[in-house]
Amino acid sequence: MHPLLSLLLACTPQAPDRPKTTTTSTSTSTTTTPSTDTDTDTTAPCDAEVGTFHEQTLEVDGETRTYLLHVPSTYACAPTPVLFDLHGTAVGRPEEAYGLQGALDAAEAEGFLLVRPRSRSSLEGGQEVFRWDQNPGDPERNRVFLRALLDDLRERYAVADDRVYVMGFSSGTNQTSVMAADPDTPFHGFGHVGGGAWTVDTQQPAGRFYLHTPWRDYMRTYDAELRDLLDEAGVPSADRLDRQSFSGHELYDWVYPELWAFLDRGERPDPGVLAAGWTEVPGAPTELLGVDVDPDGLAWLTGADGSVVAYDGAAFVAAPIAGSSVFAVPALTSVCLLPDGRGAAVGNGTVLWTDDGGGSWRHLDPLSEPGPPMFGYTHWNGVGCGDDVVLGLGYWSAGTSADGLDWADAAMGSTYRAQGQAAAQGPTGTWVSVGYYRWLGRSTDAGATFQQVGSTGPGEWLLDVAAVAPGVWVVVGDGGVILRSDDDGASFDVVAQTGIDLYAVAFEGDHGMAVGRAGQALVSLDAGATWSDVSLGRDVMLSDVAALPTGEALVVGEGGPYLTAWP
């Protein structure tokens, strides 16, 4: 057993998408009021046009409200299901931001009416910002609007009233929770992506609930509040689908098909079976999200419950932590240690520090943000260890420290601060950081300042980075994109794109492994130039990976940890 493990055993106490328009109408407006009729309307006219209709309007309580409507090409005047899809905070045409193409594709495939209403707005920072709780009283005004809009649709289309659902992204999740709190809600299923509840104190067990807020999303607190309300309401597990992922704040196209299948039919994704060559590791005390292996070969893992766990290949032991998190969701998503034993673990606002190689940890949170304030404290989800400093990074903030006490601003971007997710220092001393809007940053001054390399490849989030060899880097991100640099991070090229989000990557020499959503695992034997599939077989989130001195890969995430041979 590793000597430090023995000690622990002894002392453990937006850029908006645009639709593919098939038919566009001019805006129309109608005055209507909500009704309580729940019978399917079979008197609607049968000459309704199909296609995508932008900037439709409806007068509600003396106010002109706007929405997008998509009528699937299969519509034939038979009772048709409906999905209300509530946008996140945005400007311009907010109902066309975030995942629109995925929503349109799902509506065509499943044959439902897609309704994307526009929230109310106000001026913020000199521009018009749309958010579902932007103004006092907005959630109630929006509740009336959504019900009125549904009644208006009933007059024009044949609506299957027992198959009407609502989902929301970001601020739209709270408005979805408002609709679920309505005692006579017309909705029969509720989807929450990247958020939860914050203006209601109850939920009605009136249907199924789809929940998906990534572990590195800054909205995890509201997701936890919603879950508590569902527990209090007695919503059974059979009516809840919790889909884990390890991205940042985003609405992905893949959400729509499985959200609809669950809300409408109660179908869950096929869990799959463990593939040959993989084994589960028994004995983990909690769900594990991050992993790093120290110079002595001891693995350090971070828990969804805010714990730090040591693993020597034989046993898991939770390390002692002084203090307690000031945050309701202390899930730790990243950890690293310097060769001399200093290190940090971070996630969802919580920041831990160690000076003794992980033998003990202490809370630093709430830690003031280095640089311009955004949250009022650091909301870091990634941490990297370099030659002599630790770099923490997350939403609009990054900082370096040698002692955990003083943190210097690590400027990522000039006019707009990056939303970083991961960073690493290579053998030449260069740092590379990755994050939102395909952020790629490069630093040659010990992590003090990062210059943007460019927006390379598809997708929105780049989620992890690994130094492979002097001058060679590999980056992974959503959509299964893999980028590679052979000029020390000055430029990157796309070398692979699997279509399934990748959350983490690690290398030991020229051999590497990348893991991600739906149990995806890839290996490279040539310093990241080519990749082959060695997926887990189970449809679960794989959040991090590290090479053990035993010649095995330790992979953590949902249902894990797991072991397989290091490539």
Side-chain angles (χ1 to χ4, degrees), residues 34 36 38 81-89 115 117 119 131-134 136-151 161-215 217-245 249 251 255-256 258-268 304 327-329 331 348:
T36 58
T38 58
V82 183
L83 177 65
F84 277 63
D85 185 1
L86 310 184
H87 62 77
T89 302
V115 188
S119 74
R131 186 183 283 117
W132 290 96
D133 59 349
Q134 181 71 4
D138 273 3
E140 174 58 22
R141 291 189 186 96
N142 291 322
R143 185 189 71 83
V144 173
F145 166 44
L146 297 182
R147 294 194 62 142
L149 180 52
L150 177 57
D151 284 345
D161 281 335
D162 59 346
R163 299 174 67 195
V164 178
Y165 314 106
V166 60
M167 65 165 286
F169 169 61
S170 194
S171 74
T173 61
N174 182 68
Q175 189 63 46
T176 298
S177 74
V178 170
M179 306 315 293
D182 190 340
D184 65 341
T185 181
F187 297 103
H188 296 271
F190 309 89
H192 296 265
V193 180
W198 56 88
T199 66
V200 297
D201 57 9
T202 187
Q203 295 284 273
Q204 300 295 325
R208 300 187 182 99
F209 291 80
Y210 178 94
L211 309 174
H212 172 237
T213 298
W215 283 105
D217 193 322
Y218 62 83
M219 301 286 277
R220 287 291 303 186
T221 296
Y222 305 112
D223 169 80
E225 292 182 14
L226 173 63
R227 291 167 191 270
D228 288 343
L229 293 178
L230 297 180
D231 290 342
E232 293 171 8
V235 177
S237 59
D239 289 340
R240 295 160 67 163
L241 174 57
D242 181 3
R243 288 297 273 166
Q244 296 191 40
S245 74
H249 191 60
L251 173 57
V255 166
Y256 286 95
E258 66 175 40
L259 177 147
W260 180 262
F262 180 69
L263 295 186
D264 192 52
R265 299 186 293 274
E267 295 177 3
R268 296 173 182 269
F327 302 101
V329 183
N348 293 278

**Q** Do R163 and H188 have side chains that approach each other closer than 4.5 Å (heavy atoms only, starting at C-beta)?
**A** no
**Q** Any sub-3.5 Å donor-acceptor pair from Q203's side-chain atoms to S177's backbone N or O?
**A** yes
**Q** Taking Y165 as the fixed residue, which of F262, F209, W260 is the one that meets the ring-ring contact (aromatic ring centres under 6.0 Å, His included) rule?
**A** W260
**Q** I need the minimum non-hydrogen distance between S119 and R131, along with the two atoms involved.
**A** OG-N, 3.0 Å
**Q** State, yes or no, whether a side-chain contact exists between T173 and W198 at a heavy-atom distance under 4.5 Å.
**A** yes
**Q** Any idea which heavy atoms bring M219 and G195 closest together, and the distance?
**A** CB-CA, 3.8 Å
**Q** Taking G168's backbone N and O only, do any of them form a donor-acceptor pair with T176's side chain (distance below 3.5 Å, no angle check)?
**A** yes
**Q** Distance-only, no hydrogens or angles: does the H192 side chain make a donor-acceptor pair with backbone N or O of T213 under 3.5 Å?
**A**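 No.
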**Q** Do Y222 and N174 have side-chain N/O donor and acceptor atoms under 3.5 Å apart?
**A** no
**Q** Give, for atom OG of S170 and atom NE2 of H87, the distance between the pair rounded to the nearest 0.5 Å.
**A**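 The distance works out to 10.5 Å.
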**Q** Can any side-chain N or O of T185 pair as donor or acceptor with the backbone N or O of M179 at less than 3.5 Å?
**A**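 Yes; judged by distance alone, with no hydrogens or angles, the pair exists.
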**Q** Is there a side-chain contact between R268 and L241 (heavy atoms, below 4.5 Å)?
**A**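 With C-beta onward as the side chain, the pair touches.
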**Q** Between the side chains of D231 and R227, is the shortest nitrogen-to-carboxylate-oxygen separation below 4.0 Å, so that they form an ion pair?
**A**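 Salt bridge: no.
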**Q** Mind listing the closest non-hydrogen atom pair of L229 and A197 along with its distance?
**A** CD1-CB, 4.0 Å
**Q** Taking the side chain as every heavy atom from C-beta outward, state whether P186 and V164 have any atom pair closer than 4.5 Å.
**A**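 SC-SC contact between P186 and V164 ruled out.
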**Q** Between V178 and N142, is any pair of side-chain heavy atoms under 4.5 Å apart?
**A** no
**Q** Would you mind reporting whether Q204 and D182 have side-chain heavy atoms less than 4.5 Å apart?
**A** no
**Q** When Q175 is tested against each of D133, V166, D138, L146 for side-chain contact (heavy atoms from CB on, under 4.5 Å), which residue passes?
**A** L146
**Q** Decide yes or no for Y256 and L251: does some side-chain heavy atom of the first lie under 4.5 Å from some side-chain heavy atom of the second?
**A** yes
**Q** What's the shortest heavy-atom distance between L149 and F84, and which atoms?
**A**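 Heavy atoms only, the tightest pair is CD2-CE2, 3.9 Å.
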**Q** Hey, are D217 and R220 close enough for a salt bridge, meaning a charged N less than 4.0 Å from a carboxylate O?
**A**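 R220 and D217: not salt-bridged.
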**Q** Look at the rings of H249 and F169 and say which category their plane angle falls in: under 30° parallel, 30 to 60° tilted, over 60° perpendicular.
**A**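 Rings of H249 and F169: parallel, as their planes differ by under 30°.
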**Q** Is the closest side-chain heavy-atom distance between L226 and L211 below 4.5 Å?
**A** yes
**Q** Do you know which two heavy atoms are closest between G191 and L263, and how far apart they sit?
**A** N-CD1, 4.2 Å
